[in-house]
Amino acid sequence: MYDEMASKSNVEYIAGGATQNSIRVAQWMLQVPDATSYIGSIGKDKFGEEMKKNSKLAGVNVQYYEDDKAPTGTCAVCVVGGERSLVANLSAANCYKSEHLKQPENWALVEKAKYFYIAGFFLTVSPESIQLVAEHAAANNKVFMMNLSAPFICEFFKDVQEKALPYMDYVFGNETEARTFSRVHGWETDNVEEIAIKISQLPKASGAHKRITVITQGADPVVVAQDGKVKLYPVILLPKEKLVDTNGAGDAFVGGFLSQLVQEKPMEDCVRAGCYAANVVIQRSGCTYPEKPDFH
């Protein structure tokens with residue numbers, strides 16, 4: 001399939017990966033050189049080089065673990081009428097080792113950072129790395145955030161997800177993931193607002209921050225649960241003919257949200273920035289954006 005796509009003249013290559021998308025968007029929204037760093041895993045090949053080039057151009061300080069056996073992970077994105085289907089070959093992305101994180105130059109980035117964001121997908125790769133960062137964040141009063149990422153994570157990686165949950169100060173997800181989380185935990189409710197509150201009230205490892213749950217629902221309002229209450233925030237509606245590709249919309253939402261959160265802006269601004277970034281990305285191919293944001 002990859003060969004077939006690569007042979008077509010209209011194929012586009014875009015640096016991806018859920019967490020990396022969010023960090024690139026946050027960096028773009030912030031417009032502050034080296035505001036963000038990203039650690040992940042690539043292969044020693046042309047796609048790996050492409051990834052490094054792309055990320056550096058985006059202004060992100062990347063520190064990749066380079067696997068010499070597996071090729072860089074790729075994901076074929078097929079778009080029909082704005083709706084996407086993904087065929088992923090994780091490859092090197094599955095090979096990250098916590099030893100790389102513990103290297104002094106990489107751990108120095110962890111010590112320097114005040115906010116951490118990891119996609120739930122990474123629970124399938126290196127739970128040990130997640131735990132190291134999570135415990136560091138809790139011990140140092142920093143903000144640790146994760147994404148539910150996909151229904152299969154909530155179903156088949158429930159144990160590692162539950163181990164990380166007490167450390168999560170912010171939990172992101174969409175309505176399908178939230179409902180799957182509810183079913184897996186035997187909550188017997190499909191009500192997204194109720195589920196968001198329940199997630200926010202699960203036990204926490206550190207009392208420094210109360211957990212906040214942020215659930216997106218496509219064109220429906222964003223649900224934010226904190227302190228036992230829910231607030232709904234409308235999204236920016238887009239005419240169907242302007243929709244190009246929904247790929248990366250959730251990642252972009254998180255990136256926009258983070259860009260304001262790290263500046264200690266109110267929740268309303270964080271959600272507005274998230275909606276703005278997602279709106280920009282779905283009007284383009286892949287998780288891409290114009291040179292400068294137009295967000296005020």
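What you are looking at is a predicted structure, and each value in this text was computed from that prediction instead of being measured.
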message: I'd like to check S206 versus Y167 (side-chain heavy atoms, cut-off strictly below 4.5 Å). Are they in contact?
response: no

- request: Go through the side-chain N and O atoms of S200 and Q226 and say whether any donor and acceptor fall under 3.5 Å apart.
  value: no

query: Got a donor-acceptor contact below 3.5 angstrom from the Y170 side chain to the V143 backbone?
result: no

Let me have the donor-acceptor pairs involving side chains of residues 148-156, under 3.5 Å, with sequence neighbours excluded, atom names and distances please.
{"residue": "S149", "atom": "OG", "partner": "G120", "partner atom": "N", "Å": "2.8"}
{"residue": "E155", "atom": "OE2", "partner": "R183", "partner atom": "NH2", "Å": "3.3"}

query: Can we call the ring centroids of F144 and Y115 under 6.0 Å apart?
result: no

- request: Step by step, work out the salt bridge (Lys or Arg N to Asp or Glu O under 4.0 Å) result for K102 and E128.
  value: CA-CA 11 Å; K102 292 173 187 166; E128 190 195 346; 3.3 Å; yes

message: Just verifying a value: how many Å separate H100 NE2 and S98 OG, rounded to the nearest 0.5 Å?
response: 11.5 Å

message: Strictly distance-based, threshold 3.5 Å: is any side-chain N or O of D45 a donor or acceptor partner for the main-chain N or O of T72?
response: yes

Check: H185/E162 side-chain N/O donor and acceptor closer than 3.5 Å: yes

- prompt: When rounded to the nearest 0.5 angstrom, what is the spacing between CG in L101 and CD1 in I130?
  reply: 10.5 Å

query: Do Y65 and N106 have side-chain N/O donor and acceptor atoms under 3.5 Å apart?
result: no

- prompt: Would the Y276 and F295 ring centres measure less than 6.0 Å apart?
  reply: yes

